Amino acid sequence: MPPDEPPDAPGPPPRPGPARRAAEPLAWWTALLAVYLALVSAISLTEIAVGALAAAASAAAAVAARRALLTPGAARRAEGGPSRPAAPVRLLPPLARLPGQIVADTARVTARGASGGYWTTQGCPPDPAGRAAATLLLSASPGAYVGGVDPGRGLLRVHRLTGPSPFERSLRRTGLIDDPPAGRPRGEGPP
C-alpha cells in the first residue's frame with residue numbers, strides 16, 4: 001500500500017472471477033436456446049446449430065444491455081460525483097407501452113407505407129448508458145428511429161413518421177429524453 005493512502009481508503013470494487021463472469025452469458029444462452037428449440041417444429045442438427053448461434057448473439061446482447069444500464073456512468077466517476085446505477089424501474093411504464101406502439105406503428109406503416117415523416121432533435125442524457133438506452137428505445141418501434149447522436153451537446157437526431165407517440169411521451173416522463181437545450185432547433189414537425 002502506498003504510504004500516502006489511509007489504510008481503509010475505498011478502492012474499486014473487486015472484479016468477479018472468470019467463473020462468475022461466464023455464468024451470466026451461459027445462463028442467457030441456455031435459456032434462449034431452450035426457448036428456440038421449444039418453438040421449432042422439428043429438432044434437427046441444423047436447428048440446434050442455428051439456435052445455438054442465435055442464442056449466443058442474443059446472450060451477448062442481453063449481457064451488454066444489462067451492463068450498460070446497471071454499470072455506473074464514467075462521466076459521474078470522472079466528475080467525482082456519486083456513482084450509482086441507472087434506475088431501470090423507472091422505465092417500466094414506457095416499456096409496458098412499447099408492444100402496443102410497435103403493433104400500431106407496424107399497422108400504420110403497412111397501411112400507408114413508410115414514406116414521408118420529418119426529422120427532429122431530442123435531448124438525451126450525457127452518460128453513454130443513458131444515450132444508448134434512449135437510442136435503443138426510440139428506435140424500437142417502426143414509427144421513429146435515431147439517425148444521429150451528438151454526445152457533446154446531448155442531442156439525438158430522430159426521424160418520425162408522425163408526431164410524438166404515447167410511448168415517446170411516457171419515455172419523456174422518465175427523464176430519459178427531453179426537449180433539446182435552449183437555442184437548439186427542434187426540427188420541422190408535421191403541419
Side-chain angles (χ1 to χ4, degrees), residues 24-25 28-29 31-33 35-36 38-40 50-51 53-71 73 75 85-181 184-191:
E24 181 184 8
W28 276 111
W29 180 81
L32 292 167
L33 178 59
V35 168
Y36 180 87
L39 295 175
V40 297
V50 168
L53 289 174
S58 300
V63 170
R66 190 217 29 99
R67 288 181 181 161
L69 288 174
L70 297 179
T71 301
V89 173
R90 70 185 171 144
L91 296 177
L92 289 178
L95 289 176
R97 288 183 177 268
L98 184 57
Q101 189 63 45
I102 290 172
V103 169
D105 284 348
T106 301
R108 186 177 300 115
V109 167
T110 301
R112 294 189 339 200
S115 61
Y118 64 99
W119 287 95
T120 186
T121 305
Q122 197 73 57
C124 69
D127 63 309
R131 280 194 311 271
T135 300
L136 175 69
L137 291 171
L138 282 172
S139 300
S141 179
Y145 70 91
V146 175
V149 179
D150 184 352
R153 296 188 304 178
L155 297 175
L156 300 175
R157 188 84 171 132
V158 181
H159 186 269
R160 291 189 191 124
L161 292 177
T162 62
S165 65
F167 168 71
E168 191 175 324
R169 287 190 294 274
S170 179
L171 200 57
R172 184 182 302 274
R173 285 190 291 273
T174 68
L176 190 63
I177 60 170
D178 58 8
D179 290 327
R184 303 281 186 239
R186 284 196 52 93
E188 294 186 18

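Since we're looking at a predicted model, the values are computed, not measured.
Using a 4.5 Å heavy-atom cutoff, the side chains of Leu32 and Tyr36 are not in contact. Considering only heavy atoms from C-beta on, Thr121 comes within 4.5 Å of Arg157 through its side chain. Counting only heavy atoms from C-beta outward, the side chains of Gln122 and Arg172 approach each other to under 4.5 Å.
Evaluation of the side-chain contact (heavy atoms from CB on, under 4.5 Å) rule for Ser170 yields Pro93, Pro94, Arg97, Arg173 as partners, not counting sequence neighbours. Arg169 pairs by the side-chain hydrogen bond (donor to acceptor under 3.5 Å, both in side chains) definition with nothing, not counting sequence neighbours. Every residue two or more places apart in sequence or in another chain that forms a side-chain contact (heavy atoms from CB on, under 4.5 Å) with Ala140 is listed here: Leu98.
With rounding to the nearest 0.5 Å, the separation of CG in Leu138 from OG1 in Thr135 is 7.0 Å. Note that CG of Asp150 and CZ of Arg131 are 9.0 Å apart. Values are rounded to the nearest 0.5 Å. Here Arg112 contributes atom CZ and Thr162 contributes atom OG1; the two are 7.0 Å apart, rounded to the nearest 0.5 Å. With values rounded to the nearest 0.5 angstrom, Phe167 atom CZ is found 5.0 Å from Leu137 atom CG. The structure places CZ of Arg108 at 8.0 Å from CG of Leu161, a figure rounded to the nearest 0.5 Å. Rounded to the nearest 0.5 angstrom, Leu155 CG and Ile177 CD1 are separated by 12.5 Å.
Taking each heavy atom of Asp105 and Pro142 in turn, the nearest pair found is CB-CD, 3.7 Å. Across Ala59 and Trp28, no two heavy atoms sit closer than the pair CB-CB, 3.6 Å. Contact between Ala134 and Leu156 at its shortest, heavy atoms only, is CB-CD1, 3.9 Å.
Using a distance-only test at 3.5 Å, with no hydrogens or angles considered, no donor-acceptor pair links the side chain of Thr120 to the main chain of Val158.
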